[in-house]
Structures are given as structure tokens and as C-alpha cells.
Amino acid sequence: MKPTLSPAADAGEMDKMLSQLPVRLDDIYQAQELLAGIAEKTPVESSRALGRQIGSDVFFKCENLQRAGSFKVRGAYVRMARLSPQDRDRGVVAASAGNHAQGVAVAAKALGIKARIYMPLGVALPKLAATQGHGAEVVLHGHNVDEALAEAQRYAEQSGAVFVHPFDNVDVVSGQGTIGLEILEQIPDVETVVMGVGGGGLLAGVAVAIKSRARELGRPIRIIGVQAENAAAYPPSLAADALVPLTKVSTMADGIAVGRPGQIPFSIIRELVDDVVTVSEDSLARALIFLLERSKMVVEPAGAVGVAALLDGTLNLDGAKPGTTAVILSGGNIDPMLMLKVIQRGLSAAGRFMTVRMLLDDRPGSLATISRIIAESDANVTGVDHTRVGGSISMGDVSITVNMETKGHEHCEQVLMNLRAEGFQPIVVH
């Protein structure tokens with residue numbers, strides 16, 4: 001359901017509302033000047049394949065190619081560049097699952113500031129190694145970003161180090177908003193901008209830049225945020241017009257696995273953003289497969305949520321087409337081990353990989369019969385597990401688990417039907 005937002009009644013009211021936000025367009029222009037020579041002006045790539053699916057031109061804003069692999073260096077650098085000499089001497093502390101950590105580490109190195117960064121215990125090893133490689137001290141704490149954040153804030157209070165929040169800070173929001181200015185320069189006729197949202201810093205900053213410039217240009221531009229459905233704090237918060245923390249967060253998109261919106265981003269998003277939608281884990285996996293196969297892009301799950309929403313057709317546009325659409329690929333830092341799991345899940349979700357388990361009589365020829373049926377069904381077996389012992393396996397029976405490549409959901413159903421026709425009772429595992 002679309003959240004209740006606050007549209008401006010006329011141009012005058014819009015101008016008044018924009019002037020009262022905690023971050024304004026001038027703040028973002030100033031951030032852009034600070035970032036000159038630090039943040040890359042990342043490229044924009046068209047996606048004909050996705051454009052054909054939604055009936056509109058689609059462009060990817062490739063922040064996965066940004067320094068340190070995500071947009072986070074923008075906000076982190078702006079925040080830290082504005083510290084006084086005394087604050088810089090005290091050092092900075094931050095918390096992150098990876099992207100903000102790397103952004104802070106890169107910014108700290110460039111500015112000559114000592115950085116201590118708290119990361120969750122299960123953080124992806126490539127993100128941990130990259131953060132340390134940029135010169136930051138890393139401390140592992142907690143099982144999620146929220147726990148690491150709390151510990152980092154405690155350390156800041158005890159040590160006097162400056163806490164660099166990943167999203168709930170006006171300088172951070174201003175830095176992230178520079179992406180919006182680049183989008184308008186690179187895609188002048190953009191009509192819809194789609195991006196992932198966790199705490200809200202990226203969405204809020206881009207919304208200020210895009211909506212303020214749209215007001216100056218005299219034309220509407222839609223801004224839509226996307227969350228993983230198992231880490232979606234914004235829809236209930238927008239509906240309640242208050243911050244509503246989640247009791248549980250569980251998603252492969254660790255970069256947006258935030259259980260509570262930031263107060264500053266929320267105050268902007270509720271006024272400017274047209275909608276916040278959600279996508280499933282299977283949709284995320286399919287989006288990553290799509291980006292790999294059709295766009296040759298390595299993108300982390302949090303960076304692919306916008307693509308997932310377009311593939312699903314879940315944008316709430318009151319029946320209208322999105323028009324020229326920009327999707328921010330916000331990061332490309334993905335653990336290779338996670339990528340293996342995501343690829344398998346994505347292929348399974350698309351009907352291109354299937355695992356089935358069957359109980360059958362333990363007699364010669366049974367496995368050969370199953371192999372023949374699968375081969376005649378034009379599926380390709382990639383792995384077989386043959387087990388005689390287990391709590392659910394009776395004497396004289398054997399459990400067979402077969403992994404196979406398939407050609408879509410209809411093909412999967414045909415394989416299953418052919419196995420059942422021969423008296424087997426396959427149970428789909430994936």
C-alpha cells in the first residue's frame with residue numbers, strides 16, 4: 001500500500017516546504033564542490049533489456065563503480081571535511097556492514113584523520129579486508145548494524161571521538177544528494193528515479209536535489225525508494241508519520257538492513273518521496289542474475305533493489321508508465337560466497353535450477369530409471385546425493401536428492417510430471 005506522503009498544494013507551498021527542510025539544494029551544491037577530486041562522477045549506462053520489459057527507457061547510475069565500491073564515500077567525506085581541526089585531532093568512529101565503513105576509511109585517509117570502525121561479527125570478509133586496507137582500525141561487534149551502531153556511539157561518548165553516522169546527519173545527506181545533481185546532468189529528461197533505502201540518507205539527499213531542481217525546471221520528477229520486504233521500516237513509519245522500529249531484520253541486502261529510519265532522512269522522505277515499495281528475497285536474487293547476465297554488472301543485493309522493483313512491476317504509478325527512468329546501483333561490494341548462494345537462489349526463482357528429493361526402493365536400476373526420465377525430459381543433472389540412513393528413511397528405502405539445470409518454470413513442471421508418471425514422488429527442495 002502506498003504510504004501517505006505530503007504533496008505541496010502549489011508552487012508557493014512547495015518552495016516554502018523545500019526551504020524548511022534540514023537539507024536544501026544549496027547544501028548539496030556546496031557538498032559537490034567539496035567532493036571535487038574525491039568522488040568519481042560515475043557513469044550512466046542504458047539497459048535496453050530492462051527498458052523493453054517496462055516499456056520505457058532505463059538507465060543505471062553506476063555507483064557500484066564509485067571509489068570503495070559504493071556511494072557512501074560521498075556523505076562520509078563531506079561530513080569529515082567539515083570537522084574543525086580540534087575534532088579531526090580527536091579522530092572519528094563509525095559503524096557499518098561494509099560500505100559506510102569503506103567510505104569513512106577512504107575519507108579518513110584522504111583527510112589524515114584516525115578512524116575506528118565497528119562492524120557486525122558476520123560482516124563479509126571482502127568488506128572487512130577492504131576497510132582495513134584503507135587504513136582504518138576495525139572492531140567486530142554485534143550481530144547486525146544496529147548493535148554495531150550502538151557500540152560505536154558508546155565509544156564516541158567515552159573517548160571523545162567524533163561519531164560519523166551512516167545516514168542521520170545533514171552533511172551525510174548532502175553528500176549523497178550529489179548523485180541527484182549528476183543524474184539530472186547525465187539524463188536531462190529523467191522522469192522517475194528509483195533507488196534502495198535503508199536508513200534513508202541516499203533517498204533523502206537525492207530527493208532534495210531532484211525535487212528542488214524539478215521545481216526550478218517546472219516539471220515533475222518521481223522519486224521512489226525500494227526496501228527489502230524483510231527490512232522495510234519506511235512503509236509503516238510513513239503510514240504512522242513517526243519512526244517505527246522493526247523487531248527483526250533479515251535480508252541478503254546487508255547494505256540496507258536497517259531496523260529504524262533516521263530522523264533527518266525521514267523528515268525529508270515523508271515530504272518529497274512519491275512512494276516506498278518492497279521486494280522479496282527471490283526478486284533480489286533474480287535482479288542480481290539479470291544484472292550479471294544482461295548488463296555485465298557486479299552489484300550487491302542492496303544496490304539491486306531498484307532493478308528488482310522494475311522487474312516485478314511493483315512501482316505504484318497509478319497505472320502510468322515510469323517514463324525515462326534512472327536506477328541507482330548503489331554498491332558493488334558483494335562477498336563471493338554470498339554471490340554463489342544468490343546465483344543459485346536466483347536461478348531457482350527463475351525456474352532454471354531445481355533440486356528434488358525422492359524416497360524409493362533400494363534396488364538396482366532405480367537411480368538409472370530416474371536418470372533416464374530426467375534426460376528424456378531434456379534437463380541436465382548437476383549433482384546426486386544417495387543416502388540409505390536417516391531418521392525418515394525406512395529399511396529397504398533410499399533417499400535420492402538430484403540437482404538439475406532446467407529451462408524455466410514450465411520445464412520444471414514437465415520434469416516433475418514425467419517423474420510422477422513413472423511412480424516417483426519428487427519433493428521440490430529448491
Side-chain angles (χ1 to χ4, degrees), residues 38-40 42 62-77 79-80 91-152 155-156 161 163-167 172 175-176 196 198-199 201-202 231 249 251-258 284-285 288 291-292 296-304 329-344:
I38 298 298
E40 301 286 343
T42 50
C62 301
E63 285 294 295
N64 58 312
L65 303 180
Q66 183 57 262
R67 287 188 65 181
S70 87
F71 70 97
K72 288 288 192 176
V73 68
R74 296 175 183 260
Y77 186 86
R79 168 76 170 107
M80 294 162 62
V92 298
V93 61
S96 167
N99 287 343
H100 179 59
Q102 292 178 69
V104 169
V106 168
K109 187 174 183 179
L111 293 165
I113 300 173
K114 181 181 178 181
R116 180 186 181 102
I117 300 172
Y118 287 85
M119 305 181 81
L121 291 167
V123 66
L125 290 178
K127 293 184 179 183
L128 172 62
T131 304
Q132 292 172 325
H134 291 304
E137 176 191 2
V138 176
V139 178
L140 300 180
H141 179 87
H143 298 284
N144 53 50
V145 177
D146 290 332
E147 291 180 7
L149 270 172
E151 186 64 21
Y155 176 80
F163 178 63
V164 181
H165 201 285
F167 49 82
V172 170
Q176 321 305 27
L202 173 65
V249 172
T251 175
M252 71 175 75
D254 59 346
I256 55 173
V258 179
L284 269 174
L288 288 174
L291 286 163
L292 282 169
K296 317 310 176 195
M297 288 281 183
V298 176
V299 181
E300 63 187 279
L329 305 181
S330 56
N333 295 314
I334 183 169
D335 181 356
M337 292 303 297
L338 174 61
M339 181 178 283
L340 288 174
K341 296 176 184 178
V342 169
I343 288 173
Q344 182 170 328

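Every value quoted in this text rests on a predicted model; they were computed, and no experiment measured them.
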- Note, Met80 side chain near Val164 side chain (heavy atom, < 4.5 Å): yes
- Answer whether the closest heavy-atom distance between the side chains of Leu288 and Pro301 falls below 4.5 Å. yes
- Message: Using 0.5 Å steps for rounding, measure from the NE2 atom of His141 to the OH atom of Tyr155.
- Response: 14.0 Å
- Message: Looking at every heavy atom in both Leu202 and Ser330, which two are closest together, and how far apart are they?
- Response: CD2-CB, 4.1 Å
- Task: Would you give the length of the straight line joining atom CD of Gln176 to atom CZ of Arg74, rounded to the nearest 0.5 angstrom?
- Result: 8.0 Å
- Message: Run Glu300 and Asp254 through side-chain contact (heavy atoms from CB on, under 4.5 Å) and show every step you take.
- Response: CA-CA 9 Å; Glu300 63 187 279; Asp254 59 346; 4.2 Å; yes
- Item | Atom pair CG/CD1 of Leu338 and Ile343 - distance to nearest 0.5 Å | 9.5 Å
- Note on the structure: Taken to the nearest 0.5 Å, the spacing of Met339 CE from Met252 CE works out to 12.0 Å
- Message: As an exercise, state the distance from NE2 of His134 to CD of Gln102, rounded to the nearest 0.5 Å.
- Response: 5.5 Å
- Looking at side-chain heavy atoms only, is the closest gap between Leu140 and Met119 below 4.5 Å? yes
- Item | Heavy-atom pair with the smallest gap, counting every atom of Ala94 and Val104 | CB-CG2, 4.0 Å
- Quick one: do Glu137 and Arg116 make a salt bridge, cutoff under 4.0 Å? yes
- Task: Check for a donor-acceptor pair, side chain of Gln66 on one end and backbone N or O of Gly331 on the other, with a separation under 3.5 Å.
- Result: no
- Test side-chain contact (heavy atoms from CB on, under 4.5 Å) on Val106 and Tyr77 and set out the steps. CA-CA 8 Å; Val106 168; Tyr77 186 86; over 6 Å; no
- Query: Which atom names give the shortest non-hydrogen contact between Asp335 and Leu125, and what distance separates them?
  - Reply: OD2-N, 4.4 Å
- Who passes salt bridge (Lys or Arg N to Asp or Glu O under 4.0 Å) against Glu147, sequence neighbours left out? none
- Message: Are the side chains of Leu149 and Phe163 in contact, using a 4.5 Å heavy-atom criterion?
- Response: yes
- Message: Restricting to non-hydrogen atoms, name the atom on Val93 and the atom on Ala156 that form the minimum distance, rounded to 0.1 Å.
- Response: CG1-CB, 3.7 Å
- Query: What distance do Asn333 atom CG and Thr131 atom OG1 have between them, rounded to the nearest 0.5 Å?
  - Reply: 8.5 Å
- Message: Pair Met297, Cys62 - check side-chain contact (heavy atoms from CB on, under 4.5 Å), show working.
- Response: CA-CA 9 Å; Met297 288 281 183; Cys62 301; 3.3 Å; yes
- Taking all non-hydrogen atoms of both residues into account, name the closest pair between Ser96 and Asn99 and its distance. OG-N, 3.5 Å
- Task: Kindly indicate, with the supporting measurements, whether the criterion side-chain contact (heavy atoms from CB on, under 4.5 Å) is fulfilled by Val298 and Leu292.
- Result: CA-CA 6 Å; Val298 176; Leu292 282 169; 4.2 Å; yes
- Message: Please give me the minimum heavy-atom distance between Val138 and Gln132, naming the atom from each residue.
- Response: CG2-CG, 3.5 Å
